[in-house]
S.K.: 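Starting off with a structure, shown below.
Side chains included, hydrogens not; waters and symmetry mates left out as well; all remaining heavy atoms used.
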Amino acid sequence: MDVVIAGAGPNGLMLACELSLAGVRPVVIERLPARSDRPKANGIVGQVVRLLRGRGLTDQESPMPRFVFGAMPLDLTGLDENPLHGMGIKQPALEELLERRALELGAEIRRGHELTGFGQDGDGVTVALTGPDGPYELRTRYLVGCDGAHSMVRKLAGIGFPGVSANDVVSRTGHVTIPGATVSAEGVELEVPGAGTFVLYTWHRTERGAYVMMPAGGDVLTVASMERDAGAPGDETPMTVAELRESLARVIGADLPLAPPRGPGPHLLRRLNGRETRVADRYRAGRVFVAGDAAHVHSAMGAPGLNLGLQDAANLGWKLAAAVRGWAPDGLLDTYDAERRPAALRVATHSQAQLALTAPGPEITALREVFGELLEDEPARRRLAALMAGADLVYPMPAPSHPLVGRFLADLPAGAAERARPVLLDATGGLRVRHGRVDVVPGPVRGAGRSDGQDHGQGHGQAGAAEAVLVRPDGYVAWAGRPDETLEEALRTWFGEALEPA
């Protein structure tokens, strides 16, 4: 067996898809007997949405004209080349989509099987499991933990999980109804008799905390509050609609008549005491890797979680497949940590900053006033859009300097990204590169604009002058310029020796 993935959440299933596209058939182990229908994320925000479009998994994605940063409005309507794209899909539907694709591609998913331990040596990993028929073992070349924030794989591998805890933050979220309330014709405001009008979909901060409301289908709303409150009930005390109502009243200063939804669930009702921000101190321990929430946890402010975790899977998938199939150049697997860990640290930083901007108190109000003035400037809005999309991240690449190198290339020709193979975009139409593992695709280099939100000076001119661009399966540019010996070096660095002579 080549790869065992612990965890059949979105990140584990995405990794199974990426491995399968590269010709490796993984086994996914999941302790739950069936897919969870518990409400979680309501959509995906960030540049991974464009990767999913390229893989043929969605045609819904589009630039987001407005977003939010730290419960402050972020108007992106005037930006050219807006990097912040979104996809409206609830997490259970996303998991169903990814599971169906993984099975179509030949992956095996074993539900009701739990990892209980493992041991590794120089040749592979022996994984101990418990399934419906009792304990058993699997021998695999690599093990990947996509098993969540309390990852057993991470703990058993001895991978540290440093970070900070905000112990005074209490978040409450629930599915509720509000008798008599109506949504405006435009669908962006909620009218509550006797209480006023509330803008939907975005977090709002008051002097006492923050809240958000959004439609959840029919007359059901998702309502969430966040307070700095060390006196909340402990985790052993179940959350109630009454508790959510009391919290919301404290935050907004008005009592809304929240009621439980009618009809069958599952209905969300959750309290989170404290907020963890942690990033694994390494993403690899020998033949064991971690990805997604097993590698990083953070505030949900700005909805960065799926963008971060799914890109972990896209980054690791083709590299693991290269190792399994025997052509991975020296050091290729180590680039997973070198590239994805900084991405997680970046998200940890901006999610903590957003959490700070929602805190109560007059000093935070003053900070928000100054910050709001900065958001009137287009460069600041562009920079925050790139930050939230993850488009400001540049991977370290051993290649000649070019504005595209190390960056995500959003628009590959139709079909090129769906195969998840390396692509050499040939703007000249006359390249005679023969590598075997790399598809040469003639055509213009699209998506070469200022996708990171930064001003590169002559970046547009240099990008336009690129006669060829080498794109990895995860959508990141490994080389760009005029074909010479540096292109041959980049091909060997990332994709090994040529299968056939040039």
S.K.: Could you note down all residue pairs passing salt bridge (charged side-chain N to carboxylate O under 4.0 Å, His left out) where residues 131-140 supplies at least one of them, sequence neighbours left out?
M.R.: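 Residue pairs with at least one partner in residues 131-140: Asp121-Arg139.
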S.K.: Counting distance only, does the side-chain N/O of Arg110 pair as donor-acceptor with the main-chain N or O of Ile29 below 3.5 Å?
M.R.: no
S.K.: Okay, side chain of Arg382, backbone of Leu79: is any donor-acceptor separation there less than 3.5 Å?
M.R.: no
S.K.: What pairs with Glu114 under side-chain contact (heavy atoms from CB on, under 4.5 Å), at least two apart in sequence or on another chain?
M.R.: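 Per chain and number, Glu114 pairs via side-chain contact (heavy atoms from CB on, under 4.5 Å) with Arg31.
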S.K.: Any salt bridge (charged side-chain N to carboxylate O under 4.0 Å, His left out) involving residues 212-225? Give me the pairs, sequence neighbours left out, ordered by first then second residue.
M.R.: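 As it turns out, the salt bridge (charged side-chain N to carboxylate O under 4.0 Å, His left out) pairs with a partner in residues 212-225, which skip direct neighbours, are Asp219-Arg262.
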S.K.: Could you list the residues that satisfy ring pair (Phe, Tyr, Trp, His ring centres under 6.0 Å) with Trp318, not counting sequence neighbours?
M.R.: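 Trp318 satisfies ring pair (Phe, Tyr, Trp, His ring centres under 6.0 Å) with Phe495 only.
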S.K.: Would you name the heavy atoms of Gly117 and Leu156 that are closest together and state the gap between them?
M.R.: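 For Gly117 versus Leu156, the nearest heavy atoms are CA-CD1, 3.6 Å.
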S.K.: Examine Arg284 relative to Phe289 and say whether NZ or CZ is less than 6.0 Å from the centre of the six-membered ring and inside a 45° cone about the ring axis.
M.R.: no
S.K.: Within the structure provided, determine whether Leu221 and Leu190 are in side-chain contact (heavy-atom separation under 4.5 Å).
M.R.: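 In contact.
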S.K.: Go through the structure and list residues passing side-chain contact (heavy atoms from CB on, under 4.5 Å) with Leu272, not counting sequence neighbours.
M.R.: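 With sequence neighbours excluded, Leu272 shows a side-chain contact (heavy atoms from CB on, under 4.5 Å) to Ser171, Arg270, Arg275, given in chain and number order.
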S.K.: Does Asp147 offer a backbone N or O that forms a donor-acceptor pair with the side chain of Ser151 under 3.5 Å?
M.R.: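 Side chain of Ser151 to backbone of Asp147: no pair is present.
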S.K.: For residues Ile159 and Arg282, report the shortest heavy-atom separation together with the two atoms involved.
M.R.: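 Taking every non-hydrogen atom into account, CG2-O, 3.1 Å.
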S.K.: Could I get the full list of ring pair (Phe, Tyr, Trp, His ring centres under 6.0 Å) partners for Phe69, not counting sequence neighbours?
M.R.: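 Result, ring pair (Phe, Tyr, Trp, His ring centres under 6.0 Å) vs Phe69: Phe371.
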S.K.: Using modelled atom types only, decide if a donor and an acceptor are shared between the side chain of His204 and the backbone of Val199 within a distance under 3.5 Å.
M.R.: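 Indeed, once roles are kept as given, a pair shorter than 3.5 Å links the two residues.
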S.K.: For the pair Arg55 (side chain) and Glu18 (backbone), establish whether a donor and an acceptor sit closer than 3.5 Å, ignoring hydrogens and angles.
M.R.: no
S.K.: Distance only, no hydrogens: is a donor on one side chain within 3.5 Å (strictly under) of an acceptor on the other, for Gln311 and Asn315?
M.R.: no
S.K.: Taking ring pair (Phe, Tyr, Trp, His ring centres under 6.0 Å) as the test, write out the residues that go with Phe67, two or more places apart.
M.R.: none
S.K.: Which donor-acceptor pairs under 3.5 Å do the side chains of residues 92-100 make with protein atoms, sequence neighbours left out?
M.R.:
residue	atom	partner	partner atom	Å
Glu95	OE2	Gln91	NE2	3.1
Glu99	OE1	Arg35	NH1	3.2
Glu99	OE1	Arg111	NH2	2.6

S.K.: Does any part of the side chain of Val3, heavy atoms only, come nearer than 4.5 Å to the side chain of Leu15, both counted from C-beta?
M.R.: no
S.K.: Within a strict 4.5 Å, meaning less than it, do heavy atoms of the His150 and Lys155 side chains meet?
M.R.: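 Yes, at least one pair of side-chain atoms sits under 4.5 Å.
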S.K.: Of all residues at least two apart in sequence or in a different chain, which pass the side-chain contact (heavy atoms from CB on, under 4.5 Å) check with Ser62?
M.R.: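 Not a single residue meets the side-chain contact (heavy atoms from CB on, under 4.5 Å) criterion with Ser62.
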S.K.: Kindly indicate whether the side chain of Met226, heavy atoms from C-beta on, has any atom under 4.5 Å from the side chain of Trp203.
M.R.: yes
S.K.: Got a sec, which residues hit side-chain hydrogen bond (donor to acceptor under 3.5 Å, both in side chains) with Arg154, two or more places apart in sequence or on another chain?
M.R.: none
S.K.: Would you say that Leu52 contacts Ile44 through its side chain, given a criterion of any heavy-atom pair below 4.5 Å between the two side chains?
M.R.: yes
S.K.: Taking only residues at least two apart or on different chains, which pairs with a member in residues 301-318 satisfy salt bridge (charged side-chain N to carboxylate O under 4.0 Å, His left out)?
M.R.: Asp312-Arg340
S.K.: Do you know which two heavy atoms are closest between Gly302 and Met388, and how far apart they sit?
M.R.: CA-CE, 3.4 Å
S.K.: Tell me if the centroids of the rings in His113 and Tyr136 come within less than 6.0 Å of each other.
M.R.: yes
S.K.: Taking only residues two or more places apart in sequence or in another chain, which ones pass ring pair (Phe, Tyr, Trp, His ring centres under 6.0 Å) with Tyr336?
M.R.: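 Expected list: Tyr283.
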S.K.: Short question: side chain of Thr349, backbone of Leu345 - any donor-acceptor pair under 3.5 Å?
M.R.: yes
